[in-house]
Every structure is written in C-alpha cells, then in structure tokens.
*Asks:* 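Here it is, the structure, as structure tokens.
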Amino acid sequence: MMENKPEGKDYEYKETQETVRDQALRVPQETVEQQRNTYEEESVEQQPFPAALVYEQPKPVNPVMKKNTPFFLGVAILYSICFAVAFYKNFIGIMFPLITAATLAVCGLFLKKNNILWKKSNWWYLTGCMLLSMSTFFTTNVFVIFYNTVGILLLITVFMMRQVYDDKSWNFGRYLGNILFLYLNMIPELASPIVHFANFVKKRKTTKQKNKTALYVFLGVLIGLPMLVTVIALLSSADQIFSRVVGRLFYQLWSQIVFSPNVFIVILLLILGFFGIYSFLSALTLNNMPEWKADWKRKNPIIAITFLSMVLVVYLIFCGIQVIFLFTGGMLLPEGYTYAKYAHQGFFQLLFVCIFNLVLVLCCITVFERNRLLKWLLFLYSGCTYIMIASSAYRMILYIGTYHLSFLRILVLWFLAMLVVLMAGVVITVQNPQFGLFRYCMSTVTIFYLIFSLGRPDALVAEYNMAKQKKEISYEDLVYLAELSMDTVPVLGRYDFPHDSCNRQMGTYVSEYDYYLPTAVWGYDGERDKSVPVQSCRRCLLNKKFHEILERTEDMNFRTFHWAKYQAKRVAKENFLR
C-alpha cells in the first residue's frame, strides 16, 4: 500500500535533502574524513592540470524560473513585443533608449523575484547603459552605433553577474572567462522556456481536460486549412463575382500576410526578443560558475626576468631614438622623408607593440611568482610603453597637422589616451596584486567610450577640417566629409560654396539627372563639351548630399524619430538647391 505524501512545491526537494542527510549520518565521521582526504590526495596527484583548474561542484540550480514560470513567460512575451516594435525596420530611433530601459526593467523584476537587493556600487552600470543608448539616438555613425550596442550588452551582463554572484575574489582573467561561460550557457538554455512550460502544465492536473480540448481544436484547424484553400479556389473559378469578393481577399491575405517578408521580420524579432531575454535570465539561475579550490601555482620568475631583460634592451634603444629623432628633432631625417611622412611611418606597428606590452605585463603578473627584480623590470617595461605611446601620439598629431582630421585618426588618438590610463592600472597592479584591475579597466573603458560616443566624432572631424580650410577646402576633402554620417550635415550647411565649372555657372537649364553629375562639364548648348577637362563642383556635391538626406528621412515618424536625422533633414531643407 502506497504511502500518502503531502502535496507541495518543495516537498520532493526537501525529501531528497532529508534522505541524503540520513544516509550521511549512518556513516562514522572518521570514515568520511578519511575518504575525503584520500580522494583529495588522489585528485591532486592524478590531475594533469594545476590545482586552480579543479573546481568545486556548483551550487543547486536556482528554482525561481521554474516556480514562477507563468510570470517570466508573460514578461518575456511582453518584452518580445516591445523588442519587435522597437527594431522593426528601425534600429537607431527614439525606441532604442526605450528598449534599453525595458531590458533593465526586466532584469530588475528578475532580481526582485530572487529577493536580491541592488548594490549601490552597481548603479553606474545602469547609467552607462542609458547614456550609450542616448548616444545612439544622437548619432548616425554606424561604427559608434554598433559598439554602443556591444557596450550596452556587456554592461548589462556584468551588472547582472555582480548582482547574482560574489565577485570579490575574481581577478581579471576569471571575469573574462565567466562572462564567456555565461554566454555559452545561454545556448542550451534556449530550450528552457519550452521545458519550464511543459513542467508547469504537467503539474497542473486540473487543466488536463482543457489541454485536450485545445489539442482537438488545433487538429481541427490543421485539417480544415487545406480544405478551405481547395474550396475557395474551386468556387473562385466557378463564379466571377465570388472570385472578386472572396477570392481576391483571400489571395491578399495569403500573399501579403502569410508569405509577406514584413511578417517574417516581425516573427524573427519576436523570437529573438523572447528567447534572448529568457535564456539570459535562465542561464543566471544555473549557479554553475566554477569556484577554484586554490590559487594558480605560479611559475619561477627567472623565466620572465630572462625574456623581459632581452626585450627591454631593444626597447631602451628604441626609446632613446624616439627622444633624439622625433621629440627633439635633433637629427636629420632619412633621405626622401618629410616630417609628416616620417611621423606616419610605423605608427600602427607602434600601436600594436603598445597593446602587446599591456597584455604581456598582465600575463607576467598573473603567471609568475612575485619577485623584486621582476617587479622593477615590469616598471621599466611599463615606462618604455609610455614612451612608445607618446611617440605614437606625437606622430599622429604631426600627421594631422599636415593632412587634417579623419574618423580613424580621432579613433587612434582616443585609444592611445585610454591606453595611458589602462597602463596606469597595470602599474598599480604590479605594486599591489590585490588591486581590482577588472573593475578599474571596465570603468576606464566605459568612461572613455562614453566620451568618444557622445562626442560625435564625425561632427568633430567636419568642424576641425572646415575651420582649418573653410571655403578653400578641396573637392576631394569635401567628398570625404560628405561620405561620413549625417552628423556632418549641420556643419556643412553653414558654408555656402559657389558653383564651379558646372552647367549652373554657365546659365543653362539644370535637369534633375544632370544636376547630380558634378564631374561633368557642359557647353552652352546643353551638351557636354569634351574639349573642357572634367572638373568637380563642390556646390553640386553638397546638393546631392542634401537630396539624399531628404529622401532617406522622408518617412520619419514618432516610432522612427531620430535626433541626428531630424537635424540633418532640417539643414538639408534650408540649403538644398541654394
């Protein structure tokens, strides 16, 4: 006769705990300790990896998603609808900050259901997310928009990990590894909403009859659809009036909704939003971040001292040449080189060496044992890196002085400035290994990128180049500015260029097609004069740019409203065909 067990959500889990505890109590404590010591000794001896790679068993899975399946499924469905509304044929409009706020709100609901209080030190992650989303609203630069999105996803991930896990003992490498580990866990968790819903339905015994009724209705629909299509096709061919009234309506429904590419995009966005947010939250409940038993067994520092000394000799010679050749200008340049050409040569190689030095110092701190000589070598190594950063920056400034600004040159100067601050954190870590390097680097990168993103680099390039060259700017330089994002349009609209060597200047009729061929030179009879060399009109180039902007922003509405596009549209209206 089966024993009647009390019903309850946690009964099976508590019963398992009690069974395991009862079995453990029957074994003498001495025997347990002896077996444990024997197992640990055998594990250390037989393990081919360092002790740090052996981690304890993960904590039990957090059951909050399973216990609150209807709630989280409902939240995920609402979020997916908001996701589709925000990104349907629109990625940079006013909906971008709103969907970012909605994502943070869902994360807040998850933390509330887990009874996790928000840590005060984590609020700046949320501020960074919202500032990056606002930056996307104020710029049309594709590079900035892409990395704004990456930055928002990374900030949300680190924020949630810091809320759910105790990260006090995590070093730089472990932080990066755990972030990647969480993303990998999201892949199998894509099935979690289906599994959770199936378990929820299975537990609700009272809804069996309703489930059977729904199944019967679903089967009836599957059988009725092909019958409906066949009957409508036959009747449409039998009667023309029926065909016009019902057949055409059915055809439009079939072609414009069932097989419409717009419907496919909406369904795809709904799927991405639903499974993306649910798998992310479900992966956080696994509690399976590896917990290392022991510190990494560090290597003998003589290895690092040897190869650092070899490379450091070369670095000292190179840094001496930079001081004599570049900074002071005390020696003649190589034959055939201008100062700007010499400054530009080898710049990117220097940039790569600076990044390599940063990574190498980090590796030496992590892998090798602490040693006083090694510490001083790392200080010297960092000092040489600073000289190389200064050399790279000085070279780029000289090059900009001759050839003006570009987006890439701003990006390089920004990266070098950020590298100076990052290297300072590495130097502090050399002196104090307990320094929170990952949080320092995360804060530095976030602040520097916010400055870069909110600074609208395309507009800055246009401001600098136009201020330097003004109306004497060449056609080629103006082409570069016009090919940048819409952020440059308010700057370009402030300058009124005359028509140069084009049909407008010669007083002939300007057709819409001819107007956008700025390289053509036309005769007084309206035909192109091939005897006249082909030249370029800066006024026509700007008019072409303004015309393109007016076409691209013609259908802008409340959902797709974007501040940078609105500003460009306003300036284009004022200056088009001027």
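What you see below is based on every heavy atom in this structure, not just the backbone, and it leaves out hydrogens, waters and symmetry mates.
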*Asks:* Does any N or O in the side chain of Thr488 come within less than 3.5 Å of the main-chain N or O of Leu484, such that one atom is a donor and the other an acceptor?
*Replies:*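 No; zero donor-acceptor contacts below 3.5 Å.
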*Asks:* Classify the angle between the aromatic ring planes of Phe138 and Trp563 as parallel (below 30°), tilted (30 to 60°) or perpendicular (above 60°).
*Replies:* perpendicular
*Asks:* When you measure from the centre of the six-membered ring of Phe72, is the NZ or CZ of Lys113 under 6.0 Å away and within 45° of the axis?
*Replies:* no
*Asks:* Distance from Leu405 atom CG to Ile410 atom CD1, nearest 0.5 Å?
*Replies:* 4.5 Å
*Asks:* Give me the ring orientation class for Tyr125 and Phe159: parallel if the planes are under 30° apart, tilted from 30 to 60°, perpendicular past 60°.
*Replies:* tilted
*Asks:* Determine yes or no for a side-chain-to-main-chain donor-acceptor pair under 3.5 angstrom, with Asn557 supplying the side chain and Thr560 the backbone.
*Replies:*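 Judged by distance alone, yes, a pair lies under 3.5 Å.
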*Asks:* List the atom of Tyr278, the atom of Ala76, and the distance in Å for their closest heavy-atom pair.
*Replies:* CD1-CB, 3.9 Å
*Asks:* Let me see the working for Gln163 and Asn122 under side chain to side chain donor-acceptor pair (under 3.5 Å), right down to the final yes or no.
*Replies:* CA-CA 8 Å; Gln163 287 288 145; Asn122 292 342; 3.0 Å; yes
*Asks:* Would you indicate whether the side-chain heavy atoms of Leu154 and Ile179 approach each other to under 4.5 Å?
*Replies:* yes
*Asks:* Using atom types as modelled and distance alone, determine if a side-chain donor or acceptor of His196 lies under 3.5 Å from a backbone N or O of Ala191.
*Replies:* no
*Asks:* Have a look at Phe96 and tell me which of Phe83, Phe91, Phe137 forms a ring-ring contact (aromatic ring centres under 6.0 Å, His included) with it.
*Replies:*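 For Phe96, the ring-ring contact (aromatic ring centres under 6.0 Å, His included) test succeeds with only one of Phe83, Phe91, Phe137, which is Phe91.
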*Asks:* Nearest 0.5 angstrom please: Leu374 CG to Thr306 OG1, how far?
*Replies:* 10.5 Å
*Asks:* Measuring from atom CD1 of Ile152 to atom OH of Tyr147, what distance do you get when rounded to the nearest 0.5 angstrom?
*Replies:*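 Answer for the CD1-OH pair, Ile152 versus Tyr147, is 15.0 Å.
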*Asks:* Just do the side-chain contact (heavy atoms from CB on, under 4.5 Å) check on Val311 and Leu360 with the steps written out, would you?
*Replies:* CA-CA 12 Å; Val311 178; Leu360 184 61; over 6 Å; no
*Asks:* Report yes if the side chains of Val353 and Tyr315 come closer than 4.5 Å at any heavy-atom pair, otherwise no.
*Replies:*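 SC-SC contact between Val353 and Tyr315 confirmed.
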*Asks:* For Phe448, does its backbone N or O pair with a side-chain atom of Trp414 as donor and acceptor, under 3.5 Å?
*Replies:* yes
*Asks:* Specify the closest pair of heavy atoms between Leu153 and Tyr183, including all atoms of both residues, with the distance to one decimal.
*Replies:*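 That would be O-OH, 3.8 Å.
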*Asks:* Phe143 vs Phe407 aromatic rings, parallel, tilted or perpendicular, using cut-offs 30° and 60°?
*Replies:*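 Geometry flag for Phe407 against Phe143: perpendicular rings.
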*Asks:* Can you check whether Leu131's main-chain N or O pairs, donor with acceptor, with Ser135's side chain at less than 3.5 Å?
*Replies:*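 Between the backbone of Leu131 and the side chain of Ser135 there is no qualifying donor-acceptor contact (under 3.5 Å).
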*Asks:* Between Asn432 and Ile428 (side chain of the first, backbone of the second, donor and acceptor by atom type, cut-off under 3.5 Å), is there such a pair?
*Replies:*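 Flag not set: sc Asn432 to bb Ile428 has no pair under 3.5 Å.
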*Asks:* To check you understand the geometry: which heavy-atom pair defines the closest contact between Tyr165 and Ala283, and what is its length?
*Replies:*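 Smallest interatomic distance, heavy atoms only, reads OH-O, 4.4 Å.
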*Asks:* Yes or no on side-chain contact (heavy atoms from CB on, under 4.5 Å) for Leu358 and Met423, after CA distance, side-chain angles and deciding distance?
*Replies:* CA-CA 7 Å; Leu358 176 67; Met423 201 69 201; 3.6 Å; yes
*Asks:* Which atoms form the tightest heavy-atom contact between Ala393 and Leu413, and what is the distance?
*Replies:* O-CD2, 4.2 Å
*Asks:* Side-chain contact, heavy-atom cut-off 4.5 Å: Phe200 with Lys66?
*Replies:*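 Not touching, per the 4.5 Å side-chain cut-off.
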*Asks:* Could you check whether any side-chain heavy atom of Leu411 comes within less than 4.5 Å of a side-chain heavy atom of Pro457, counting everything from C-beta outward?
*Replies:*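 With C-beta onward as the side chain, the pair stays apart.
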*Asks:* Would you check, one step at a time, whether the test side-chain contact (heavy atoms from CB on, under 4.5 Å) holds for His562 with Ile94?
*Replies:* CA-CA 6 Å; His562 187 269; Ile94 194 173; over 6 Å; no
*Asks:* Does CD1 belonging to Ile302 count more than 12 external heavy atoms closer than 6.0 Å?
*Replies:*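 No - once you tally the heavy atoms of other residues, nucleotides and ligands closer than 6.0 Å, there are 12 at most.
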*Asks:* Less than 4.5 Å apart, side chain to side chain, heavy atoms only: is that true for Arg162 and Tyr175?
*Replies:*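 They are in contact (side-chain heavy atoms under 4.5 Å apart), so the answer is yes.
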*Asks:* Is it true that Thr553 and Tyr566 share a donor-acceptor pair across their side chains at a distance under 3.5 Å?
*Replies:*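 No donor-acceptor contact under 3.5 Å links the two side chains.
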*Asks:* Answer yes or no: is there a side-chain heavy-atom contact under 4.5 Å between Asn357 and Cys384?
*Replies:* no
*Asks:* What is the minimum heavy-atom distance between Leu450 and Gly128, and which atoms define it?
*Replies:* CD2-O, 4.1 Å
*Asks:* More than 12 foreign heavy atoms under 6.0 Å from CZ of Arg552: is that the case here?
*Replies:*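 Not buried by this count: 12 neighbours or fewer within 6.0 Å.
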*Asks:* Report the residues that fulfil side-chain hydrogen bond (donor to acceptor under 3.5 Å, both in side chains) with Tyr440, sequence neighbours left out, ordered by chain and then residue number.
*Replies:* none
*Asks:* Any idea how Trp376 and Phe379 line up, ring-wise: parallel (<30°), tilted (30 to 60°), or perpendicular (>60°)?
*Replies:* perpendicular
*Asks:* More than 12 heavy atoms of other residues, nucleotides or ligands under 6.0 Å from NZ of Lys112: yes or no?
*Replies:*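 No.
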*Asks:* With a 3.5 Å distance limit and no angle check, can you tell me whether Ser392 reaches the backbone of Met388 through a side-chain donor-acceptor pair?
*Replies:*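 Side chain of Ser392 to backbone of Met388: a pair is present.
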*Asks:* Quick check: closest heavy atoms across Pro97 and Gly93, and the distance to 0.1 Å?
*Replies:*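 Pro97 and Gly93 have their closest heavy atoms at CD-O, 3.6 Å.
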*Asks:* Which one of Leu284, Leu73, Leu281, Asn114 satisfies the side chain to side chain contact (heavy atoms under 4.5 Å, CB included) criterion with Met65?
*Replies:* Leu281
*Asks:* Regarding Thr140 and Asp487, is there a side-chain donor-to-acceptor distance under 3.5 Å anywhere?
*Replies:* yes
*Asks:* Taking side chain to side chain donor-acceptor pair (under 3.5 Å) as the criterion, tell me which of Asn148, Thr139, Asn141, Thr136 meets it with Ser453.
*Replies:* Asn148
*Asks:* Looking at Ser279, is its backbone amide N or carbonyl O close enough to the side chain of Ser282 to form a donor-acceptor pair, meaning the two atoms are under 3.5 Å apart?
*Replies:* no
*Asks:* Within the structure provided, determine whether Arg456 and Val144 are in side-chain contact (heavy-atom separation under 4.5 Å).
*Replies:*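 Side chain of Arg456 against side chain of Val144, heavy atoms only: no contact under 4.5 Å found.
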*Asks:* Test side-chain contact (heavy atoms from CB on, under 4.5 Å) on Val75 and Phe110 and set out the steps.
*Replies:* CA-CA 10 Å; Val75 169; Phe110 174 80; over 6 Å; no
*Asks:* Calculate, to the nearest 0.5 Å, the distance between atoms CG and OG1 belonging to Leu422 and Thr385 respectively.
*Replies:*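 With rounding to 0.5 Å, CG (Leu422) is 12.5 Å from OG1 (Thr385).
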*Asks:* Using the six-membered ring wherever Trp is involved, compare the ring planes of Tyr449 and Phe452 and label them parallel, tilted or perpendicular (cut-offs 30° and 60°).
*Replies:*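 It falls in the tilted class, 30° to 60°.
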*Asks:* Which value, rounded to the nearest 0.5 Å, describes the distance between Leu155 atom CG and Leu132 atom CG?
*Replies:* 6.0 Å
*Asks:* Quick check: do Ser443 and Trp124 have side-chain heavy atoms less than 4.5 Å from each other?
*Replies:*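 The answer is yes, as the side chains (C-beta and beyond) meet within the 4.5 Å cut-off.
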*Asks:* Is the backbone of Ile265 close enough, under 3.5 Å, to the side chain of Tyr88 for a donor and an acceptor to pair up by distance?
*Replies:* no
*Asks:* Drop me the distance from Phe87's CZ to Arg559's CZ, to the nearest 0.5 angstrom.
*Replies:* 11.0 Å
*Asks:* Is the side chain of Tyr386 donor-acceptor paired with the backbone N or O of Ala424 at a distance under 3.5 Å, no angle test?
*Replies:* yes
